[in-house]
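Have a look at the structure below before the remarks.
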Amino acid sequence: MYYLVLFFTLLSFIPIFIILTKRRSSNRLPPGSLGIPIIGQSLGLLRAMKANTAEKWIEDRVKKYGPVSKLTLFGAPTVLIPGQAANKFIFTSDSNTLNNQQTKPIQILLGKRNLLGLSGDDHKRIRGALMTFLKPEALKQYVGKMDGEIKEHFKMYWQGKEKVTVMPLMKTLSFNIICSLLFGLEAGARRQKFVIWFGQMMDGMWSVPVNLPLTPFNRGIRASSKIQNMVMDIIQEKRLALEKQEVSPHQDLITSLLTIRGEDGTALLSEREMVDNIMLIMTAGYDTSSILMTFMVRLLANDPVVYAAVLKEQEDISKSKASGELLTWDDLTKMKYTWRVALETLRIIPPAFGGFRRTSKDVEYGGYLIPKGWQVNFLGC
């Protein structure tokens, strides 16, 4: 009887222990409000990004809540951790602490088998396959093709114009080069459809994940589906052309991926993995390249000394080329000053404005608890 009473007495303390534990954990969460479910602070951030005031948006949050705060971004509870300490935490944590799972819009629109969402052996395998195309030794043969696209672009959009709007034109140029290098997709009706869908998908990636008619997210989903179908069609066309030996295995990214084999002789990547990672490379290269080129043009326009030095370097290379001759990899290695200008531009204005991770377990950071499954946002790092 004594033991029975003792048991029930101890049992009665369990609810109290749970309540106290919950209170302690809740109090350790970072300051800030999660806001309206799903929406949270997403619209405020998106407005700031569109107005190019995202850094101020972050600074205002840090002033209000401190260097660690909670909010809701793109449908998920999130902890914002800007600054150098955040960089160290993000890039020294392994997959047992933080995983690469991206925001809901990116997962849905780009697919779950892309490099950003994988870890371990799958990440290593797919990264190795992509690097066979992206390493300098492979890229050397694409310099002439890129030069041709750029010359055509300048003839069409720049020559004879008194005034141009740089950012949209750089996005057009980046997209055309991506179509050429990734798919071998030449200018025409197919590329025109592609650019419309691609723009809608990019808008959907940076939107509140509410799948209702007429929302950016809904348009993004439909555009992503059309792009994936087009990519799958191109993969089938390239596979047939390779079998007939009508194209080179190194003609573009798709032919390169189709010819890579594992140790057992089978395809190293599944068709789903090809599609998802082609989508990833498209989006990653599109924004970063266009932003870098835009701000390089701004730097050249505002700094006559830098402009004169870059111009001289480019003219010296041009004088060494025959009329109509395309650039080569050796020509690129001579652009040492231009390369330093590009690196300085990247340092001052990083084209990738932070990113996301997701906690694999409860994590302590800055004296606060970040619960398992929450997003960690290091915008502004």
Side-chain angles (χ1 to χ4, degrees), residues 130-187 191 195 247-253 255-256 281-282 284-352:
L130 296 176
M131 286 305 297
T132 60
F133 175 78
L134 296 173
K135 61 186 179 183
E137 292 78 9
L139 291 175
K140 288 180 181 180
Q141 61 187 312
Y142 304 116
V143 174
K145 183 184 287 190
M146 294 170 67
D147 189 23
E149 285 281 353
I150 293 169
K151 285 179 176 176
E152 188 63 32
H153 172 85
F154 272 88
K155 285 179 185 177
M156 185 175 296
Y157 298 106
W158 293 68
Q159 287 183 6
K161 304 290 194 302
E162 292 184 6
K163 183 179 179 181
V164 294
T165 306
V166 177
M167 177 65 90
L169 291 179
M170 289 306 177
K171 287 188 173 184
T172 298
L173 175 60
S174 297
F175 181 81
N176 288 339
I177 290 176
I178 286 170
C179 283
S180 180
L181 294 190
L182 269 56
F183 314 118
L185 191 60
E186 302 302 327
R191 190 188 277 191
V195 72
V247 296
S248 162
H250 306 294
Q251 178 174 311
D252 50 50
L253 175 61
T255 57
S256 176
I281 292 177
M282 282 167 46
Y286 177 74
D287 263 347
T288 53
S289 300
S290 57
I291 291 171
L292 170 60
M293 291 188 292
T294 297
F295 283 101
M296 278 189 71
V297 170
R298 188 180 75 169
L299 174 61
L300 296 177
N302 294 334
D303 194 323
V305 175
V306 174
Y307 171 75
V310 170
L311 179 62
K312 184 181 184 307
E313 185 173 73
Q314 296 298 315
E315 286 180 336
D316 289 344
I317 294 171
S318 179
K319 290 172 184 176
S320 69
K321 309 292 290 184
S323 178
E325 184 182 357
L326 296 174
L327 289 173
T328 64
W329 184 264
D330 289 338
D331 295 321
L332 295 186
T333 62
K334 298 173 185 176
M335 300 181 187
K336 296 187 182 340
Y337 186 80
T338 306
W339 178 240
R340 289 201 296 272
V341 172
L343 291 178
E344 181 64 8
T345 305
L346 287 170
R347 186 187 70 81
I348 297 172
I349 308 171

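Residues take their numbers from the sequence shown, with the count starting at 1. The model shown is predicted, which means the values in this text are computed figures rather than measured ones.
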Quiz item: Between Val166 and Trp158, is a side-chain contact (heavy atoms from CB on, under 4.5 Å) present by the stated rule, with each step listed?
Solution: CA-CA 10 Å; Val166 177; Trp158 293 68; 4.2 Å; yes
Exercise. Kindly indicate, with the supporting measurements, whether the criterion side-chain contact (heavy atoms from CB on, under 4.5 Å) is fulfilled by Val297 and Met293.
Key: CA-CA 6 Å; Val297 170; Met293 291 188 292; 5.6 Å; no
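The side-chain hydrogen bond (donor to acceptor under 3.5 Å, both in side chains) search around Thr338 returns Glu313, Gln314, not counting sequence neighbours. Partners of Asp316 under the side-chain hydrogen bond (donor to acceptor under 3.5 Å, both in side chains) rule, at least two apart in sequence or in another chain, are Lys312. Scored by the side-chain hydrogen bond (donor to acceptor under 3.5 Å, both in side chains) test, Glu325 finds Lys321 as partners (sequence neighbours excluded). With sequence neighbours excluded, the residues satisfying ring pair (Phe, Tyr, Trp, His ring centres under 6.0 Å) with Tyr157 are His153.
Taking the charged nitrogens against the carboxylate oxygens, Asp147 and Lys151 do have a contact shorter than 4.0 Å, which makes a salt bridge.
Note that CD1 of Ile177 is 14.0 Å distant from OH of Tyr142, once rounded to the nearest 0.5 Å. Rounding to the nearest 0.5 angstrom, the gap separating the CE atom in Met167 from the CD1 atom in Ile291 is 5.0 Å. Rounding to the nearest 0.5 Å places OG1 of Thr345 at 10.0 Å from CZ of Arg347. In this structure, Ser248 OG and Gln141 CD are separated by 6.5 Å, a value rounded to the nearest 0.5 Å. Leu326 contributes atom CG, which lies 12.0 Å from atom CE of Met146 (distance to the nearest 0.5 angstrom). Rounding to the nearest 0.5 Å gives a distance of 14.0 Å between NZ of Lys140 and NE2 of His250.
Applying the ring pair (Phe, Tyr, Trp, His ring centres under 6.0 Å) definition to pairs two or more places apart or across chains, none involves residues 303-350. Sorted by first then second residue, the side-chain hydrogen bond (donor to acceptor under 3.5 Å, both in side chains) pairs that include residues 159-179, not counting sequence neighbours, are Asn176-Arg191.
The aromatic rings of Tyr286 and Phe175 sit perpendicular, their planes meeting at an angle over 60°, well past the 30° parallel limit.
Contact record, Val143 with Leu327: CG1-O, 3.5 Å, taken as the closest heavy-atom pair. Minimum heavy-atom separation, Ser256 to Thr132: OG-OG1, 3.8 Å. The two residues Gly285 and Ser289 have their closest heavy-atom pair at O-OG, 2.8 Å. Listed here is the closest heavy atom pair of Leu181 and Phe133: O-CZ, 3.6 Å. Across all their heavy atoms, Phe183 and Met282 have their closest contact at CZ-SD, 3.5 Å.
Residue Val310 is tested with Asp303, Val305, Leu300 for a side chain to side chain contact (heavy atoms under 4.5 Å, CB included); the sole match is Leu300.
For the 3.5 Å distance criterion, the side chains of Asp330 and Thr333 fail to qualify, holding no donor opposite an acceptor.
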